[in-house]
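Each remark here refers to the structure printed beneath this line.
Just so you know, these numbers come straight off a predicted model, no measurement behind them. The figures here come from the full heavy-atom set of this structure, side chains too, leaving out hydrogens, waters and symmetry mates. Sequence lines set the chain letters: A, B, ... in the order given, protein chains first and strands last, and positions in each chain run from 1.
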Protein chains: 2
Amino acid sequence: MTVSKAAEKSAEATAKGAEAARARKDAPDDAGEALQLGELSEQLGYVLKRAQLKVFENFLHCMASLQLTPAQFSVLLLVEKNPGRNQTEVASTLGILRPNFVAMLDNLESRDLCARIRSTNDRRSHILVLTDKGKAVLSRAKKLVATKHEARLNELLGGANREALIAMLSKIANEF
Amino acid sequence: MTVSKAAEKSAEATAKGAEAARARKDAPDDAGEALQLGELSEQLGYVLKRAQLKVFENFLHCMASLQLTPAQFSVLLLVEKNPGRNQTEVASTLGILRPNFVAMLDNLESRDLCARIRSTNDRRSHILVLTDKGKAVLSRAKKLVATKHEARLNELLGGANREALIAMLSKIANEF
DNA sequence: TATTGTTATACTCTATAACTATA
DNA sequence: TATAGTTATAGAGTATAACAATA
C-alpha cells in the first residue's frame, strides 16, 4: 500500500466514524443535517459569488414584466448616458467582448429598444442610440429597480450601509 | 415613416451631433475618450459582478502554483470541515447541482486530492474524504489565500471594513 | 416507490481567430 | 496596414431528463 493510499484509508476510518455517529444521532452538537461552512463563510470570493447570484435573481424577478436582464439594462443605461458612441466603445466599457456584443444588440434592436446607425465620419462604425420605445422602457425599468430592487436592499441593510457597500465593491472592482 | 422610426431619426440626429462634437474635441467637459458610467456606478448588481470577477481573477493568480479554482477550494474546505458526507450533501451546500459535481470530483480525485468511498450504511452513497495530499495542498492553499489574497483586500479596505463587507454580503446571500 | 451517482444533453457566457468593409 | 463589425467556434458554467444500483 502506498503512503497516500494508507492516508486515504485512515481518512476513510475517520469519515466512516463521523458518518456512523451521525446515523446514530449521538453527536451532541451536531444538528444532524446541515453541513458546517467553517472558513468558507469568511471567504470573500464565496460570499461575493453567492450574493451576486441572489441579487441577479431578484433583479430578473423585478424586471419580469419588461424582460430585461442585468446586462441588457446596463447597455440601455450606458447608451442613454452616452449617445453617439459605437459598439466597440460601449462593449469595452461594460467588459463585453465585441463578438459577444453582436447578438446582444441584435436582440435589443429586434425588440426596437435601440438602433445601430452607420457613422458618417467613419463608415466602419455603428453608432448606438435608444429608440423612442427604448427610452420609455428604460424609464419604466429604472422605476422598477428603484421601487422593488433597491428598496429591498435598503430594507435589508439600511441606506447608509448600502452606500458603504457600493463604495467598497467599486473600490474592489477598480483597484483590486 | 412610423412614429418609432421618426423618434429613431431624432435620436440619430442627437447622436451624430454628440459624435461630431467629440470628433472636433470641442466639448469642454468631455475627456474625449472614456464613457460616463452614470447611474451604472450605483447599481448594486453591476458593481457586485465587476468586483466578483476581479476577486476571482486575483484568487486564480494567487493559486497559480496549486492550480485550484475558487470552486475547487470551496469543495476541499467543506470536505475537510465535514468528513463523512456524501456527494449530494456537499454539492447542494455549495449550490452545485449533482450532475455537475461528478466531473469536478473526477478532477480532484484524479489529482489525488480527495477520494470517494462507498458507504457501508447506504451502498448508494459515496462518502467524501480528503487524501493525505489533499490535506497538505489545502493547508498550503489556505496560507496562500491568507498571505496574498486576503492581505491584498485588507490593504485596500482595512480590516474593519473587510469584516463589515463580508457581513453585508453574507446577509444578502442568505436573506435577499 | 424513492434516492444516489451518473450519463447525456442543452443553453448561456465567455474567449479567440479570421473574414469584410472601410480607413 | 490597421480598425469596426461580424461570423464561426470552442470552452466553461449551469440546467433538466433519464438510467442503473440500491434502499
Item to check | Rounded distance (Å) that lies between atom C1' of C:dC13 and atom CE of A:M104 | outcome: 11 Å
Checklist entry - Whole-Å distance between C:dT12 P and A:L97 CG? => result 18 Å
Checklist entry - Looking only at heavy atoms, what is the nearest atom pair of B:K148 and B:C62, with distance? => result CB-SG, 3.5 Å
Item to check | Contact list for DNA chain D against residues 52-67 of chain A - heavy-atom distance below 4.0 Å | outcome: none
Next on the checklist: Applying the side chain to side chain contact (heavy atoms under 4.5 Å, CB included) criterion to A:L113, which one of A:V79, A:V137, A:L105 satisfies it?
Outcome noted: A:V137
Item to check | Passing option when A:K171 is tested against B:N161, B:L165, B:V47, B:L157 for side chain to side chain contact (heavy atoms under 4.5 Å, CB included) | outcome: B:L157
Next on the checklist: Is it true that, when you exclude B:R140 itself, more than 12 heavy atoms of the residues, nucleotides or ligands shown sit nearer than 6.0 Å to its CZ?
Outcome noted: no
Next on the checklist: Just the rounded figure in Å: distance from P of C:dT4 to CD1 of B:I117.
Outcome noted: 18 Å
Checklist entry - Could you give the CG-to-P distance, from B:N107 to D:dG13, as a whole number of Å? => result 10 Å
Checklist outcome for this item: A:L94 CG to C:dT14 P, in whole Å, measures 11 Å
Checklist entry - Closest heavy-atom contact between B:T69 and B:F59? => result C-CE2, 3.7 Å
Item to check | Considering all heavy atoms, the nearest B:K81-A:Q36 contact | outcome: CG-O, 3.5 Å
Next on the checklist: I want to confirm an ordering. Mapping A:T120 and A:T69 to their closest nucleotides on DNA chain C, which one lands closer to the 5' end?
Outcome noted: A:T69
Next on the checklist: If you count every heavy atom of other residues, nucleotides or ligands that lies below 6.0 Å from B:E175 atom CD, does the total exceed 12?
Outcome noted: yes
Checklist outcome for this item: 5' to 3', nucleotides 2-9 of chain D under a 4.0 Å protein heavy-atom cut-off (B base, S sugar-phosphate only, - none) gives BBSSBBB-
Next on the checklist: Under a 3.5 Å distance rule, please check whether B:E109 uses its side chain to pair with a backbone N or O of B:R116 as donor and acceptor.
Outcome noted: yes
